[in-house]
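Below is one structure; the comments refer to it alone.
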Amino acid sequence: MPRIKRGVTTRQKHKRLLDQAKGYRGRRKNTIRVARQAVEKAGQYAYRDRKVKKRSFRALWIQRINAAVRAEGLTYSQFMHGTKLAGIELDRKVMADLAMNESAAFTAIIKQAKDALPA
């Protein structure tokens, strides 16, 4: 049985790894063992932060809605309760965009939410 020489596949694996580590500083960009650790850790951070990004954006939308609603004399929680009672089914992303860019439309939504709240 002939001997298997793995130089080509190993070099391909190493090349792919070093391509992923391109732009790193120090030995992380050109030493296989260190680059492998750096690329693995980067993947862990990327996986984690794809989830964190969703949380961060939701928090940002809530802050923007809260700021716009407080200018009209409501709190965020009162406003959200009012939108549920009024049957307004806009998500926070759209409401935050309206609050930033279409203040007249958002003021109309706030008025609807206020009217739906029990006195």
Side-chain angles (χ1 to χ4, degrees):
M1 188 174 251
R3 181 180 114 186
I4 298 172
K5 297 171 74 176
R6 296 187 44 206
V8 176
T9 45
T10 302
R11 197 169 301 113
Q12 285 174 342
K13 282 172 71 172
H14 288 177
K15 188 173 179 340
R16 184 168 57 241
L17 183 74
L18 291 177
D19 282 343
Q20 288 177 315
K22 199 175 201 76
Y24 292 1
R25 294 181 62 147
R27 286 184 359 182
R28 311 174 102 209
K29 71 173 175 285
N30 55 16
T31 306
I32 300 299
R33 185 180 298 178
V34 181
R36 179 178 291 124
Q37 292 172 350
V39 167
E40 279 182 18
K41 194 65 170 178
Q44 291 170 351
Y45 286 138
Y47 178 82
R48 180 197 68 188
D49 290 340
R50 280 195 294 273
K51 277 110 190 104
V52 171
K53 184 165 85 170
K54 294 167 181 60
R55 281 179 244 160
S56 301
F57 269 104
R58 184 181 169 97
L60 176 67
W61 299 331
I62 289 172
Q63 289 168 5
R64 286 179 174 173
I65 293 168
N66 191 18
V69 165
R70 282 185 186 270
E72 299 290 327
L74 277 178
T75 64
Y76 171 78
S77 60
Q78 290 170 337
F79 170 70
M80 291 310 285
H81 181 58
T83 57
K84 293 284 185 287
L85 294 177
I88 300 170
E89 293 188 7
L90 293 175
D91 60 359
R92 286 164 182 80
K93 179 179 178 179
V94 173
M95 280 200 253
D97 187 51
L98 286 174
M100 292 289 291
N101 301 319
E102 305 286 335
S103 58
F106 193 68
T107 307
I109 293 173
I110 294 173
K111 186 177 179 323
Q112 283 181 328
K114 262 188 188 176
D115 294 341
L117 286 172

Which heavy atom in [X] sits nearest to a heavy atom in [Y], and how many Å separate them?
X	Y	answer
Glu72	Ile110	CG-CD1, 3.5 Å
Ile65	Arg92	CD1-O, 3.6 Å
Ala35	Leu18	CB-CD2, 3.9 Å
Leu117	Gln78	CD2-O, 3.7 Å
Ala86	Gln112	CB-O, 4.0 Å
Ala116	Gly82	CB-O, 3.7 Å

- Query: Do Met80 and Val94 share a hydrophobic cluster (ILVMFWY, side-chain heavy atoms under 4.5 Å, transitive)?
  - Reply: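 Linked, Met80 and Val94 end up in one cluster.
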
- Query: Given the rule that I, L, V, M, F, W and Y join up when any side-chain heavy atoms are under 4.5 Å apart, are Leu74 and Leu90 in one cluster?
  - Reply: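 In one cluster: yes.
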
- Could you walk me through whether Lys93 and Asp97 pass the side chain to side chain contact (heavy atoms under 4.5 Å, CB included) check? CA-CA 6 Å; Lys93 179 179 178 179; Asp97 187 51; 6.0 Å; no

pair [X]-[Y]: side-chain heavy atoms closer than 4.5 Å:
X	Y	value
Leu17	Lys13	no
Asn30	Arg27	yes
Asn66	Gln63	no

- Task: Drop me the distance from Thr83's OG1 to Met95's CE, to the nearest 0.5 angstrom.
- Result: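 One finds 4.5 Å between OG1 of Thr83 and CE of Met95.
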
- Message: Working to the nearest 0.5 angstrom, can you tell me the gap between Arg64 CZ and Leu98 CG?
- Response: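 Output value for this atom pair is 12.5 Å.
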
- Item | Sequence neighbours excluded - ring-ring contact (aromatic ring centres under 6.0 Å, His included) pairs with any residue from residues 51-84 |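 Found Phe79-Phe106.
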
- Task: With sequence neighbours excluded, tell me which residues meet side chain to side chain contact (heavy atoms under 4.5 Å, CB included) with Arg6.
- Result: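 Arg6 satisfies side chain to side chain contact (heavy atoms under 4.5 Å, CB included) with Ile4, Thr9, Thr10 only.
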
- Task: Report, as yes or no, whether the 6.0 Å neighbourhood of atom CZ on Arg33 holds more than 12 heavy atoms from other residues, nucleotides or ligands.
- Result: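 No, the 6.0 Å shell around CZ holds no more than 12 heavy atoms from other groups.
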
- Does a side-chain N-to-carboxylate-O contact under 4.0 Å join Asp115 and Lys111?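 Salt bridge between Asp115 and Lys111, a charged N being under 4.0 Å from a carboxylate O: yes.
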
- Task: For a side-chain contact (heavy atoms from CB on, under 4.5 Å) with Lys51, tell me which candidate from Lys53, Lys54, Arg55 qualifies.
- Result: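 Of the listed residues Lys53, Lys54, Arg55, the side-chain contact (heavy atoms from CB on, under 4.5 Å) partner of Lys51 is Arg55.
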
